[in-house]
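Keep in mind that the numbers below use all heavy atoms, side chains included, and drop hydrogens, waters and symmetry copies.
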Amino acid sequence: MKLTPPAVKVAAQQLALPVYQPEKIRAPEAVERIRTLAPDLLVVVAYGQIIPRSLLSIPRLGAVNVHASLLPRWRGAAPVARAILAGDAETGVTIMRMDEQLDHGPILAVRRIDIGAREDAAALTARLADIGARLLVETLERLESIEPSEQDHSQSTVAPKLSREESELEWTMDAREIDRRVRGLQPWPGATLPTRVGRVKVLRGHVEGDRYVPEVVQLPGKRPAPAKQVLGDV
């Protein structure tokens, strides 16, 4: 529960670059401070707030967003998890020009990847972050020559925030649904299943026929351990 700086801030400080972190990007003082910098471009990644028109209109080249899905599928806060939870075979990174609506603007670049059969949200997020960073650099190098393409808004889906209620699983669920939840809800809120020792967090497992087999579990307040060591034969 320690307040820690994001990786971008750490990197900026190492490069002796000024950092400004307004609580609300819509606040007039935040908009004015950015206006005084007269930026050529804004880059937004996983920011969590809607950027107002007053800010989007400042940079000469506009604002671009790096989003971890194949837009217009999975607009919103949890695109990586929602792709796994839905059983999608592929996902990717979309770079778009921003407008005032949520993940709504025209597309500048897309990179598609397959989702691994046993890949969880944490691992997939890390993979997409690396791909997104590389794609961003490639896109910015030719930004002024790219002709953006409009999203097909009729095909849009929403990726709402995850909730703790989604984490409580039952053995009566389909094994593949359990598997998707275990993988998709990592690292938060995690997935739990009822056992003879109470509910345990399942960190990894696999589908075997029509049943789900936990491999690594974690009891409250304990370290992760092999499921057989904690639960015996499930």
Results of side-chain hydrogen bond (donor to acceptor under 3.5 Å, both in side chains) for [X] - residues two or more places apart only:
X    : answer
S154 : D152
D130 : R134
R53  : E100
K9   : Q21

Give a yes or no answer on whether the side chain of [X] reaches the backbone of [Y] with a donor-acceptor pair at less than 3.5 Å.
X    : Y    : value
D114 : E90  : no
Y212 : G205 : yes
N65  : M96  : no
Q49  : I25  : yes
R183 : D120 : no
T94  : L71  : yes

| field | Salt-bridge criterion met for E119 and R127 (N-O under 4.0 Å) | value |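 Salt bridge present between E119 and R127.
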
- Message: Measuring from atom CD1 of I51 to atom OG of S57, what distance do you get when rounded to the nearest 0.5 angstrom?
- Response: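 Output value for this atom pair is 12.0 Å.
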
### Message
Rounded to the nearest 0.5 Å, what separates atom OG1 in T91 from atom CG in L70?
### Response
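Separation between the atoms: 5.0 Å.
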
State, to 0.1 Å, how close [X] and [Y] come at their nearest heavy-atom pair, and which atoms those are.
X    : Y    : result
P214 : A227 : O-CB, 3.3 Å
A175 : D210 : CB-O, 3.7 Å
A122 : P187 : CB-CD, 4.2 Å
A109 : T139 : CB-OG1, 3.5 Å
S167 : G190 : CB-O, 2.7 Å
P189 : S163 : CG-O, 3.4 Å

V197: which residues meet the side-chain contact (heavy atoms from CB on, under 4.5 Å) condition with it, sequence neighbours left out?
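With neighbours one apart ignored, the set is T195, V200, L219, L231.
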
E170: side-chain contact (heavy atoms from CB on, under 4.5 Å) partners, not counting sequence neighbours:
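T172, P194, R199.
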
Using residues 29-37 as the side-chain source, report each donor-acceptor pair under 3.5 Å to any protein atom, sequence neighbours left out, with the distance given to one decimal.
{"from": "E32", "atom 1": "OE1", "to": "R35", "atom 2": "NE", "distance (Å)": "3.4"}
{"from": "T36", "atom 1": "OG1", "to": "R33", "atom 2": "O", "distance (Å)": "2.6"}

Enumerate the residue pairs fulfilling ring-ring contact (aromatic ring centres under 6.0 Å, His included) with a member in residues 90-145, sequence neighbours excluded, ordered by first and then second residue.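 Listed by first then second residue: H104-H153.
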
Checklist entry - For residues 13-64, which residue pairs qualify under ring-ring contact (aromatic ring centres under 6.0 Å, His included), counting only residues two or more places apart or in two chains? => result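 Listed once each, the pairs would be none.
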
Please step through side chain to side chain contact (heavy atoms under 4.5 Å, CB included) for the pair R82 and R73, ending with a clear verdict.
CA-CA 10 Å; R82 295 299 171 192; R73 188 163 176 80; over 6 Å; no

(Q) Suppose we screen for salt bridge (Lys or Arg N to Asp or Glu O under 4.0 Å). Which residues come up paired with R75, at least two apart in sequence or across chains? (A)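 Here no residue qualifies.
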
Among residues at least two apart in sequence or on other chains, which ones pass salt bridge (Lys or Arg N to Asp or Glu O under 4.0 Å) with R176?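 By the salt bridge (Lys or Arg N to Asp or Glu O under 4.0 Å) rule, R176 matches no residue at all.
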
So, do [X] and [Y] sit near enough that their side-chain heavy atoms are less than 4.5 Å apart?
X    : Y    : result
Q186 : L203 : yes
T157 : P72  : no
E166 : L85  : yes
Q151 : P106 : no
D179 : H206 : no

* **Residues that, via side-chain heavy atoms closer than 4.5 angstrom, fall in one hydrophobic cluster with L124** =>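 L41, V43, V45, L61, V64, V66, V80, I84, V93, I95, L108, I113, I115, L128, I131, L135, L136, L140, L143, I146, which link up through side-chain heavy atoms under 4.5 Å apart, make up the rest of the cluster.
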
Run the numbers on W74 and D88 for side chain to side chain donor-acceptor pair (under 3.5 Å), then give the verdict.
CA-CA 11 Å; W74 303 128; D88 291 359; 2.8 Å; yes

>> With a 4.5 Å cut-off on side-chain heavy-atom distances among I, L, V, M, F, W and Y, is there a chain of contacts connecting W188 to V216?
In response: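 As far as the 4.5 Å side-chain criterion goes, V216 and W188 are not connected within one cluster.
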
Exercise. Quick one: do I178 and V202 end up in the same hydrophobic cluster if we chain Ile, Leu, Val, Met, Phe, Trp and Tyr together by side-chain heavy atoms under 4.5 Å apart?
Worked result: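 Cluster IDs for I178 and V202 match.
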
